[in-house]
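One structure is given below, encoded as structure tokens.
Lettering follows sequence order; numbering is per chain, from 1. FYI, side chains are in, hydrogens and waters are out, and symmetry mates aren't considered; it's all heavy atoms of this structure.
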Amino acid sequence: MQDRPATMRERPDSAAIRYHAWFPAIRATGRYPWVLQSEQCMSVVSVKQALSGTLPSGSPVSVRGWVRTRRDSKAGLSFINLSDGSCFDPIQIVATDSLANYSDEVQRLSAGCSLIATGQLVASQGKGQGLELQADTIEVVGWVEDPETYPIQPKAHSLEFLREVAHLRPRTNLFGAITRVRHTIASAIHRYFDQNGYCWVNTPIITTSDAEGAGQMFRVSTLDLMNLPRTDKGSIDTRKDFFGKDAFLTVSGQLNVEGYCLALSKVYTFGPTFRAENSNTARHLAEFWMIEPEIAFADLDENARVTEDLLKFVFKTVLDERADDMAFFAERVEKTAITRLEGFIAAPFERIDYTDAVAILKKSGKKFEFPVEWGIDLQTEHERYLVEEHVGRPVVVVNYPEKIKAFYMRLNDDGRTVAAMDVLAPGIGEIIGGAQREERLDILDRRMLQFGLDPAHYNWYRDFRRYGTVPHAGFGLGFERLVVYVCGLANIRDAIPYPRVPGHAEF
RNA sequence: GCCCGAAUAGCUCAGCUGGUUAGAGCACUUGACUGUUAAUCAGGGGGUCGCUGGUUCGAGUCCAGCUUCGGGCGCCA
């Protein structure tokens, strides 16, 4: 912005007028007049474009990014590996001592410095790469203040250390790859739903209903903690709070999205979710992203089919579009990263009735810490046995006891199970939980009371069953758990840019 | 919330049953050398051994408490 032409500064009028004033120049050059000087005189390309092989040899280009390594030759030659995050590989820049700033700048470059290199894209004389940039100019944009203490060195770091520098870890190979794959997964999810006629519905982040009673919630309040308004009885008067009542961060958009399902038929949410539970594991976050499709006129079977279809589409997309990053995961993070996804795509999901699963576990002869009995919720050890030892591929467990599942799940004809399902995957456990919803008002009310919930608090939700109710089903997919699974990670804190867990909300 | 483990240089680690001045690699720095590939070779600087207390002639090492991090479990996505 600092190189904006003088006439722009002289015209303090609206953005629209400014844009129109510059429109002919933008048309002619294809560029905006206020970008950096180097971008105007040369064709700026991403490292991905530069390495793609689509630009003719000798093409004059500029690349912009951050230094990974520098190797010098006293013969008057330096090799700089530059990354801009557009792909896994950095580009090699060859700088010679003919550059005006060679000895006082180029030879002082260290990991993390940012620069703009301009020159010709040529076939490399070295072995490690096909193409490289023969630099005519190297413009250092930002130095690294103290190279000795710059945390991101060209070496292996522990994941624990990188979590302490979560704001700088995207500069590593690993977190660059995770970030690109995370994006591709998100994109593939949106593409899947879009191609299949679903509408993305943005349910509220702030909620005043204690959705499904599922877990502890974060309170949202503007009250002064040092001076809380009190009722006559001495309790805190939340009528004086911002929303005039208790408010919280959402733990699920499901109840809200159901309303849109019963009008637009196929909908889904994809947004942040918050759980104030004191969960200290490698699989839980206090703030995470969740995908919740809801399908009108669908039963549990259809619901399970969609989970399988969606996951396979996502994995296939990642393998197709992020082969470079996946190869890195397979090489450095988890050997089976690619073959595991390929196996997942190739094999049909196994369906097991909860009652049968209990029988299998009882017959297994395995000694479990938690004894297996019909009516218990399956523990991690039980799920692991089913998925990893008994079946060896993803399993959908269906029809759980009604007492251990949420009130909105549809009561089966046997009167003792509900049409709930969990999708369990090898190496990660429960990745999806879903259900067919209870569409019958009388049974819904009965189940609410059974769970100690006051139907009067859910009148808006009960309206769905009073006005044109239909059978419908949906599920919740934890986005970060999906990222963990795809990348072969061990800890969910590495699957989200800035993890929030009990005791931690740095950055 | 419960159980277990760990904490030594900017980073990754070694340091035996307690015993002089705490080591290596990477990074940084100086030099040599080379179309190099996390280059290589030689030299140099860099440490309150997480904190507090205890045992001992003597503690990085043993003990206790605390802090932080990690692993497992519960709750779940």
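Applying the 3.5 Å distance criterion, the base of B:C76 shares no donor-acceptor pair with the side chain of A:Ser279. Interface remark: the A:Glu381 side chain does not form any donor-acceptor pair with the B:G74 base, using a distance-only criterion of under 3.5 Å. Judged by distance alone, with hydrogens and angles left aside, A:His284 brings a side-chain donor or acceptor within reach of the base of B:C76, the pair sitting under 3.5 Å. With hydrogens and angles ignored, a donor-acceptor pair closer than 3.5 Å exists between the side chain of A:Gln153 and the base of B:G10. Side chain A:Glu148 to base B:G45: a donor-acceptor pair is found below 3.5 Å. Evaluation of atom-type donor-acceptor distances gives no pair under 3.5 Å for the side chain of A:Arg283 against the base of B:C73. If you check distances only, the side chain of A:Gln129 does reach the base of B:U36 with a donor-acceptor pair under 3.5 Å.
An OP1 or OP2 oxygen of B:G71 is reached within less than 4.0 angstrom by a side-chain nitrogen or oxygen of A:Asn491. Phosphate proximity of B:C73 to A:Thr380: absent, as no side-chain N or O sits under 4.0 Å from OP1 or OP2. At least one side-chain nitrogen or oxygen of A:Thr69 sits closer than 4.0 Å to the OP1 or OP2 atom of B:A39. A sub-4.0 Å separation between OP1 or OP2 of B:U36 and a side-chain N or O of A:Arg71 is absent. For the OP1/OP2 pair of B:U36 and a distance below 4.0 Å, the side-chain nitrogens and oxygens of A:Arg70 include no atom meeting the criterion.
Straight-line distance between the P atoms of B:C4 and B:C16: roughly 25 Å, to the nearest whole Å. Comparing the same atom, C1', in B:A59 and in B:C63 gives a spacing of 11 Å after rounding to whole Å. Only the P atoms considered, B:U67 is 45 Å distant from B:U30, to the nearest whole Å. B:C57 and B:G18 are spaced 12 Å apart, taking the C1' atom of each and rounding to whole Å. Atom name C1', nucleotides B:C11 and B:A27: the rounded distance is 8 Å, in whole Å. For B:G44 and B:U55, the P atoms lie 41 Å apart once the distance is rounded to whole Å. Nucleotides B:U61 and B:C3, compared at atom C1', are 26 Å apart to the nearest Å. Of the C1' atoms belonging to B:G60 and B:C33, the separation is 40 Å, rounded to the nearest Å.
A:Arg283 has no carboxylate O lying under 4.0 Å from a charged side-chain N of A:Glu430, or vice versa, which leaves the two without a salt bridge. Salt bridge present: A:Arg305 and A:Glu302 bring a charged side-chain N and a carboxylate O closer than 4.0 Å. Ion pairing between A:Asp422 and A:Lys405 holds under the 4.0 Å rule for side-chain N and carboxylate O. Between A:Glu373 and A:Lys362 there is a salt bridge, since at least one side-chain N of the basic residue sits less than 4.0 Å from a carboxylate O of the acidic one. We find that A:Asp299 and A:Arg410 are not joined by a salt bridge, their nearest charged nitrogen and carboxylate oxygen being 4.0 Å or further apart.
Of the listed nucleotides (B:A38, B:U68, B:G71), B:A38 has the atom at the smallest distance from the side chain of A:Pro154. Side-chain atoms of A:Asp377 lie closest to B:C76 of the nucleotides B:U36, B:C76, B:U68. Closest to the side chain of A:Glu160, from the set B:U37, B:C69, B:C26, is B:C69. For A:Lys155, counting side-chain heavy atoms from C-beta on, the closest listed nucleotide (B:G35, B:C26, B:G70) is B:C26.
With rounding to whole Å, A:His504 atom NE2 is found 8 Å from B:U68 atom C1'. Atom-to-atom, CD1 of A:Ile492 to P of B:G72 comes out at 13 Å; the value is rounded to the nearest Å. Straight-line distance from the CG atom of A:Leu168 to the P atom of B:G10: 17 Å, rounded to whole Å. One interatomic measurement links the two molecules: CG of A:Asn280 to P of B:G70, which rounds to 10 Å at whole-angstrom precision. Atom C1' of nucleotide B:C76 and atom OH of A:Tyr400 are separated by 12 Å, given to the nearest angstrom. Taking atom CD on A:Glu292 and atom C1' on B:C76, their separation rounds to 13 Å, with Å as the unit. Whole-Å rounding puts the A:Glu145 CD to B:G10 C1' distance at 14 Å. The nearest whole Å value for the distance from the CZ atom in A:Phe370 to the P atom in B:G72 is 15 Å.
A:Asp146 comes within contact range of no nucleotide atom at all, as no heavy-atom separation falls under 4.0 Å. Contacts of A:Ser124 with the nucleic acid, taken as non-hydrogen atoms under 4.0 Å apart, include base atoms. Heavy atoms of A:Asp72 sit under 4.0 angstrom from at least one base atom. Contact annotation for A:Glu287: no contact, since no heavy-atom pair falls under 4.0 Å across all strands. Using a 4.0 Å heavy-atom criterion, one finds that A:Glu430 contacts the sugar-phosphate atoms exclusively. Residue A:Leu482 is out of contact with every strand shown, counting any heavy-atom pair closer than 4.0 Å. Across all strands shown, A:Gly126 has heavy atoms under 4.0 Å from base atoms, whether or not it also approaches the sugar-phosphate. Counting non-hydrogen atoms under 4.0 angstrom, A:Gln92 reaches a base of the nucleic acid. Contacts of A:Ile152 with the nucleic acid, taken as non-hydrogen atoms under 4.0 Å apart, are absent. Among the protein residues, A:Glu383 comes within range of no part of the nucleic acid, since none of its heavy atoms lies under 4.0 Å from any strand. Note on A:Arg493: only backbone sugar-phosphate atoms sit closer than 4.0 angstrom, heavy atoms only; bases stay farther off. Using a 4.0 Å heavy-atom cutoff across all strands shown, A:Thr281 reaches at least one base atom of the nucleic acid.
In this pair, A:Phe464 and A:Tyr461 present their aromatic rings perpendicular. The plane angle is above 60°, beyond the 30 to 60° band. Between A:Phe344 and A:Phe315, the ring-plane angle classifies as perpendicular under the 30° and 60° cut-offs.
Along RNA chain B, the nucleotide closest to A:Gln379 and the one closest to A:Gly503 are compared, and the more 5′ of them pairs with A:Gly503. Where A:Pro151 and A:Glu480 each meet RNA chain B at their nearest nucleotide, the meeting point lying more 5' is that of A:Pro151.
Stacking between A:Phe288 and the base of B:A77 is present: ring centres sit under 5.5 Å apart and the planes differ by under 30 degrees.
In a base pair of the Watson-Crick type (N1 to N3 plus N6-O4 or O6-N4) or a G-U wobble (N1-O2 and O6-N3), with each distance short of 3.5 Å, B:C76 is matched with no nucleotide. In this entry B:U36 has no Watson-Crick or G-U wobble partner, no candidate having both defining distances under 3.5 Å. Remark: B:A24 base-pairs with B:U12; criterion is Watson-Crick or G-U wobble with both hydrogen-bond distances under 3.5 Å. When both distances must be under 3.5 Å, the Watson-Crick or G-U wobble mate of B:A6 is B:U68.
A donor-acceptor contact under 3.5 angstrom links the side chains of A:Gln254 and A:Tyr408, judged on distance only. Residues A:His167 and A:Tyr498 have side chains that never bring a donor and an acceptor to within less than 3.5 angstrom of each other.
A cation-pi arrangement is present between A:Arg340 and A:Tyr485 under the rule of less than 6.0 angstrom and at most 45 degrees off the ring axis.
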